Protein chains: 2
Amino acid sequence: MKAEPYKNYDTVLIAVDSIIFGFDGVKLKALLIKRNFEPETNKWSLMGGFVRADESVDDAATRVLTQLTGLSDIYMEQLACFGDINRDSAGRVIAIAYFALIKIDDHSDEVLQQFNARWFDLNKIPKMIFDHKKMLQVAREHLQVKAASQPIGFELLPKKFTLSQLQNLYEAIYETSFDKRNFTRKIKSLGVLQKLNEKEKETSRKGSFYYLFDKQQYKKLEKDIKKFI
Amino acid sequence: MKAEPYKNYDTVLIAVDSIIFGFDGVKLKALLIKRNFEPETNKWSLMGGFVRADESVDDAATRVLTQLTGLSDIYMEQLACFGDINRDSAGRVIAIAYFALIKIDDHSDEVLQQFNARWFDLNKIPKMIFDHKKMLQVAREHLQVKAASQPIGFELLPKKFTLSQLQNLYEAIYETSFDKRNFTRKIKSLGVLQKLNEKEKETSRKGSFYYLFDKQQYKKLEKDIKKFI
DNA sequence: GTTTTAATGGTAATAAGTACACTAATTGGA
DNA sequence: TCCAATTAGTGTACTTATTACCATTAAAAC
C-alpha cells in the first residue's frame, strides 16, 4: 500500500545481500551459497533476501543472516547500495550490501550444508550472479580500510587467539607480511590485549600464549588510538 | 510490475536525499529547502526525490540534484542507506543518502529562491524533517574522514583559491586551527598545487597568490599520497 | 639432546609531525 | 612622501612514529 502523498511514484524490491568474511587461521574466506531457488538456480551468490514491509533494512539483513547461518551475534555493518537498473536478471531490485565478519568454527557445518553454503578462499572465488562479485570487491576494500583504524580483526578470530594467529590474519587482510617484532611491539603497545596463562599447543612444541582482546580497555583508549595497524 | 520469481515480496518507495555542503570562504554550509509540497510542508529538509523504475539510484540522485540546483557537474557520492520502518511520516520509504560538494557562487541565487533553498551555517541548522538531521550528521563525519585522505576539499573552493582560503576550509571542516607554516608546507609538499601569477587583493593589502589544484598531477601521484591532510 | 616455533630487545635510519616568530609587500591615510 | 596597518610568506630545531634489519634464548615434544 502506497502512502497518499507518494502515490504516483514507483516502488521497487529491496534486497539485502551480505558479504561474509571468515578466517581459518591461514586464509581469509568468503561465505557463498549455491542457490537452490529461482532465479539463477545452481549458481553461486551472496547470502541475501528481501526487505519486508514491516522491518527495517538493517533488521532484514540481520534476519537473513541469522536464518542462513544459525548465528546470532554477528558483526555487521552497512556497506553500500547497488542500484543499477538491470543488475538483477529477474526484475528491478535495489540491493543494500552488508559487510559481515564471523568466527569460523566447526559446529556450523550442518547449517552450511543445509543452505548449500561454502567458504571460498578469496582468490578462488567462483563466478557469481549479478553484481555480487563487485560487492565482494567493495567489501574487501572496506575490510582493509576499516581494519586499519578499528579493531574489527578480532571479530574474525576465536575469543582466545595467539599473536601468530593475529599476525596471520592481518597479513591475510593486507596480502603482505609484517616483521614479527614490529608487529608484536605495535599491537602490544596499544594496551588492549590480555595475556592468558594458557597455551595453544597444536602448531608448535613450545606452544604460544593465548590472548584476549580487552574490549572495555579499548573503549577507554579509543580516542587515543587513531590507527590500529 | 513485479518480476516473476519475486512476486511474493514487498516493494517500497526509494528516496534519494542529498546532503549538500558548500563553503563561503569562512564557514561550512549545508543547503536545505523549505518544502512547499506534501508531506511536511513548510518544514526544512534535504533535497530529495524518488527513484523511478527506469533509472538507477545514482542517476536518480544526479537528476534530482540537477533539477534543484541547476548545476550539472557536482561532486557526489553515495553515503548510506536509511531504512528504518517509520522514518517517513507519510509511508514506508527507504532513503539512499548522497553526499555532495558544490562551489557556492552568486549566480545560482535565482535557483535557490525558486526552490526555496537556503544555505545554513552548520551550527545553525534548523529543525529538519524525518531523520534528515541524522543524515547531515553522518555526512559531516564522512566529510572529515574523506577529506583527510583525498583532495575533495577543492570541490568546495573556486577554481582559483588562495592558500588562506584553503586553510580556512580545512579549519572549518575539522573545527580546529592549523599552524600556517606547517599547513602550507604540507600541502605544497604534495605537489598538486599550481601557483598562478595573479593575486587576490580583497582581503589584504599585500595580496595573496592564487593557486589551482592540478588534478592530473594528483592522478599521477595518487598512489603515493596516503594522507592528504 | 635435537628439533621446532615462540618470545623477546635493540638499534639505526628515515619519515612525519609539532612548536615557534619574524620579514615582506602593499595600501590608505596622515 | 612617509608612516601605520594588515595579511602574506617563510625556516629551523625538536619530538615522535615507522621501518628495516639482525640474533638469541625459552619451552616443550619426541
Side-chain angles (χ1 to χ4, degrees), chain A residues 25-26 144 147-149 157-158 160-171 173-212 221 223-229, chain B residues 25-26 144 147-151 157-158 160-212 221-229:
Chain A
V26 181
Q144 293 197 341
S149 63
L157 292 173
K160 300 186 294 189
F161 51 86
T162 66
L163 291 179
S164 304
Q165 286 168 349
L166 186 61
Q167 180 166 354
N168 286 341
L169 169 61
Y170 280 96
E171 289 181 343
I173 291 174
Y174 295 104
E175 297 179 284
T176 181
S177 63
F178 299 111
D179 179 85
K180 185 164 51 149
R181 273 159 300 190
N182 290 343
F183 181 85
T184 312
R185 205 185 350 230
K186 171 137 205 181
I187 200 92
K188 281 188 171 175
S189 75
L190 297 174
V192 296
L193 292 190
Q194 195 181 324
K195 189 176 187 172
L196 298 182
N197 250 334
E198 194 190 342
K199 282 187 168 183
E200 189 270 351
K201 301 295 257 307
E202 308 251 311
T203 53
S204 79
R205 298 195 170 153
K206 180 178 174 184
S208 56
F209 284 103
Y210 278 121
Y211 286 79
L212 298 179
L221 302 173
K223 54 190 167 306
D224 306 322
I225 300 179
K226 300 159 211 158
K227 247 184 100 180
F228 201 78
I229 289 297
Chain B
V26 180
Q144 292 197 341
S149 64
Q150 286 182 255
L157 292 172
K160 299 188 295 192
F161 52 85
T162 66
L163 291 179
S164 305
Q165 287 167 351
L166 186 61
Q167 182 168 351
N168 286 342
L169 169 63
Y170 280 95
E171 290 181 342
I173 292 174
Y174 295 104
E175 296 179 281
T176 184
S177 63
F178 299 111
D179 178 87
K180 188 165 46 151
R181 277 161 296 188
N182 292 341
F183 182 85
T184 312
R185 181 155 17 134
K186 172 136 204 182
I187 201 91
K188 282 188 171 171
S189 76
L190 297 174
V192 295
L193 292 190
Q194 196 181 325
K195 189 178 189 172
L196 298 184
N197 251 333
E198 194 188 344
K199 282 187 169 182
E200 188 270 353
K201 297 296 253 306
E202 309 252 309
T203 53
S204 80
R205 298 197 169 147
K206 182 177 176 182
S208 57
F209 285 103
Y210 278 120
Y211 287 78
L212 299 178
L221 302 173
E222 192 165 4
K223 56 190 166 304
D224 305 324
I225 300 179
K226 298 159 212 160
K227 247 183 101 181
F228 202 77
I229 290 295

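All chains are named by letter (A, B, ...) in the order of the sequence lines, taking the proteins before the strands, and each is independently numbered beginning at 1. Predicted, not measured: the structure shown is a model, and the values here were computed from it. Side-chain atoms are counted along with the backbone in the values below, which use heavy atoms only and exclude waters and symmetry mates.
- Rounded to an integer number of Å, the gap from CZ of B:Arg181 to P of D:dT7 is 17 Å.
- Between B:Asp179 and B:Glu200, the residue anchored closer to the 5' end of DNA chain D is B:Glu200, taking for each the nucleotide with the nearest heavy atom.
- For D:dT10, the OP1/OP2 oxygens have a side-chain nitrogen or oxygen of B:Lys188 closer than 4.0 Å.
- Between the side chain of B:Lys186 and the base of C:dG17 there is no donor-acceptor pair of N/O atoms closer than 3.5 Å.
- No hydrogens or angles were tested; on distance alone, nothing pairs the side chain of B:Arg205 with the base of C:dT26 as donor and acceptor under 3.5 Å.
- Across the protein-nucleic acid pair, A:Phe161 atom CZ and C:dA6 atom C1' stand 16 Å apart, rounded to whole Å.
- Of the two residues contacting DNA chain C, namely B:Lys226 and B:Lys201, the nearest-nucleotide position lying further toward the 5' end is that of B:Lys226.
- Under a cut-off of 6.0 angstrom, the local environment of NZ in B:Lys223 is crowded, with over 12 non-hydrogen atoms contributed by other residues, nucleotides or ligands.
- Contact check of residues 163-176 of chain B against DNA chain C (heavy atom, cut-off under 4.0 Å) returns no residues at all.
- Straight-line distance from the NZ atom of B:Lys180 to the P atom of C:dA19: 17 Å, rounded to whole Å.
- Between the side chain of B:Arg185 and the base of D:dG11, at least one donor-acceptor pair of N or O atoms lies under 3.5 Å.
- Heavy-atom nearest nucleotides on DNA chain C were determined for A:Gly207 and for A:Asn182, and the one closer to the 5' end corresponds to A:Gly207.
- A straight line from OH of A:Tyr210 to P of C:dA6 spans 13 Å, rounded to a whole angstrom.
- For B:Phe178 and D:dT10, the CZ to P distance is 20 Å, given to the nearest whole Å.
- Judged by distance alone, with hydrogens and angles left aside, the side-chain atoms of B:Glu171 form a donor-acceptor pair with the main-chain N or O of B:Phe178 at under 3.5 Å.
- A sub-4.0 Å separation between OP1 or OP2 of C:dA7 and a side-chain N or O of A:Lys206 is absent.
- A donor-acceptor pair under 3.5 Å is formed between the side chain of A:Tyr174 and the backbone N or O of A:Gln144.
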Only pairs under 3.5 Å count here: list side-chain donor-acceptor contacts from residues 184-196 of chain A, not counting sequence neighbours, and write none if there are none.
residue	atom	partner	partner atom	Å
A:Thr184	OG1	A:Lys180	O	2.6
A:Arg185	NH2	A:Asn182	OD1	2.6
A:Ser189	OG	A:Lys186	O	2.7

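- Put simply, the side chain of B:Glu175 never gets that close to the backbone of B:Ala172: no donor and acceptor are under 3.5 Å apart.
- Under the 3.5 Å distance criterion, the side-chain polar atoms of A:Glu200 are left unmatched by any main-chain donor or acceptor of A:Tyr210.
- The shortest non-hydrogen separation linking B:Lys201 to B:Arg205 is CE-O, 4.1 Å.
- When rounded to the nearest whole Å, the span between CZ of A:Phe183 and P of C:dG9 equals 17 Å.
- Atom C1' of nucleotide C:dT18 and atom CD1 of B:Ile229 are separated by 15 Å, given to the nearest angstrom.
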- Which is it for B:Leu166 and B:Phe183 under the side-chain contact (heavy atoms from CB on, under 4.5 Å) test, yes or no, and what are the steps along the way? CA-CA 10 Å; B:Leu166 186 61; B:Phe183 182 85; 4.1 Å; yes
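- Whole-Å rounding puts the A:Ile187 CD1 to D:dT18 P distance at 12 Å.
- Counting any heavy atom pair closer than 4.0 Å across all strands shown, A:Thr203 reaches sugar-phosphate atoms only and no base atom.
- Here the nucleotide nearest the side chain of B:Lys199, chosen from D:dT7, C:dT26, D:dA28, is C:dT26.
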